[in-house]
Amino acid sequence: MYKGIAASDGIGIGRVVIIKEQSLSYTSYTPKSIEQELTRFRQAVSDFTDKTMVMAERIKNQIGQKESEILEGQIMMISDPMVSSEIESSIKDGKCSEEAVSTVCDTFIQMFLAIEDEMMRQRASDIGDIKTRLLKLLLGIEDIDIGAVAPGTILIAKDLTPSMTAGIIKENVVGIVTEVGGKTSHSAILARALEIPAVLSVENIVSICKDGDELVVDGFDGCVITNPTDNEKAKYSEKQEEYIKYKKELSAYMGKKTVTADGIEVALFGNIGKPEDAVKVVECDGEGVGLFRTEFLFMDKSSIPSEEEQFEAYKKAATALKGGTVIIRTLDVGGDKEIPYLDLGKEDNPFLGYRAIRVCLQREDVFKPQLRALLRASAFGDIRIMVPMVTCVDEIRSVKKFVQTYMLELDSESISYNKDIKIGVMIETPAAVSIADILAKEADFFSIGTNDLTQYTMAVDRGNSKVAYLYSAYNPAVIRFIKHVIECGKKASIPVGMCGESAADKALIPLLISFGLDEFSVSPASILATRKVISEVSKESADKLADKVMKLETEKEVAEFLNSY
Ligand code: PEP
Ligand code: MG
């Protein structure tokens, strides 16, 4: 058995097809004609763009708009003047296209890898993919046809790039195993979207296996079994059957209300990063959007997205939800989310520094277009504004003042907007918990961000593996905070939601029901599973559970108790 990272749920049992790396070696030469060499490079870029557009279209049809954007993003990267003009100037300096592409792409790869941010590392992987495919085009190397593999195939590769994944016919591939990548890499995102079990980062798996080997891929536990015994095959087939049954059961929750076993209705929303994801929320039967992380609109750009651009994005999300609530969070830059062009400067403690609302309140160039865009889009649906990283009541008061100012501006321009737009506070710092009663007087709603609340409550950097054992929402410290926030919301008669990962935690849901959480916002893929758990819990049994949990003293006791429930 070989261990790796569990990247996409499911069990795959099938035969191996190894995607071997092709040699991309070339001999450098000095081109006789710079013009001809430039034409050769531009032709390769044009072929690259054509092929990528075809692949993006295929992904859009097979999976969805959001996933196809990974490939569209590659077209944008190669058309970015920074990249193409660097390559062209290298050719003008007398390098052949292969060398120019390699050197320039390698420089960008190193640059992105040096940034400690998963998104930026992903950019490095995209540039690597672009480099390989451009070299293949320049060297006349044919791509392997992944689309032609037989049914029951398990694909094994050093790395499965987005362009390779684009060729996959979902019905034929039952598993994916790679030597690199993690849960958030594009190959993982695409594997999940295709619902193909995947295990990534399995050391040396390409040399361990050969074509035709039988293999079991366990996408739940992140392990791979080569040439399984009959017993092993039977065990995993059973696990596979159970999962298929579970997914069928989930589909029975489509179109149903989100209601506890004893009839208490709660709201079940989805978290999104792009306006297109709102469609996914609707497809997964989410009732609204509980968190639109607007950072992603800013991250894919080289300058602040204009008011118009943001207006279109927010309007698109509101329109997709057809009147359903769309809670849009103002820019949460800082911490681990860097946006280089905002020039916020390097900090020793970015999670404790210039982040989110602290930035927005000081940077009108950032806040004004966003708030005006949000107001304008509020004329097209139930858009609500949510403020992240609040620690004092002055912050929310200041936000409201800004909103009022822009409302007056819009009035003078005769632009319509929702005059009663709701403004809520994200509760993700101990300070916000402590003054939740005060904040509740100013806020129209709360949403608990357990990802950060756990980090700040436990004083533990999520990225530090030495203290990772402390990063758990099951800590009594975090649980008491959650309970307190919901109580404060109830006293002030404002709704309290949760948009951190804990909202989808099956073990925690009964406790949240007992506390009286009004709204759960989870990733679209978790919507039905969350509805199922909620429907199986009664308030009465949840209250009994909560009584016991609130008396427990350690994280371990809480985790064990909740998981055994
Ligand atoms: C959170 O902190 O729980 C949250 C939802 O925000 P983010 O994960 O974007 O920081
Ligand atoms: Mg947060």
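Both ligands and their constituent atoms are indexed starting at 1 by order of listing.
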Tell me yes or no: between the side chains of [X] and [Y], is some donor less than 3.5 Å from an acceptor?
X	Y	answer
N475	E555	no
Y565	S541	yes
E195	S8	no

In terms of heavy-atom contacts, does CD of E557 have more than 12 from other residues, nucleotides or ligands at under 6.0 Å? yes
Distance under 4.0 Å to a non-hydrogen atom of [X]: what atoms of ligand 1 satisfy this?
X	result
G500	3 (O), 5 (C)
C499	5 (C)
K337	7 (P), 9 (O), 10 (O)
R293	4 (C), 5 (C), 6 (O), 7 (P), 8 (O), 9 (O)

Counting only heavy atoms, which portion of [X] has something under 4.0 Å from ligand 1: side chain, backbone, both, or neither?
X	result
Q455	neither
R355	side chain
L291	side chain
R329	side chain

Please report whether ligand 1 has a polar contact with E501, defined as an N or O pair separated by less than 3.5 Å (distance criterion only). no
Do E295 and ligand 1 have an N or O pair less than 3.5 Å apart? no
Short side-chain to backbone donor-acceptor contact, D505 and A507, under 3.5 Å: yes
Under 3.5 Å donor-acceptor, T330 side chain and Q370 backbone: no
Determine which of the N, O or S atoms in D452 is closest to the Mg ion (ligand 2) and give its atom name. OD2
Is the distance from the Mg ion (ligand 2) to some N, O or S atom of E428 under 2.8 Å? yes
Please tell me whether Y406 and Y417 form a close aromatic pair, meaning their ring centres lie under 6.0 Å apart. no
Strictly under 6.0 Å, is that where the ring centroids of F520 and F269 end up? no
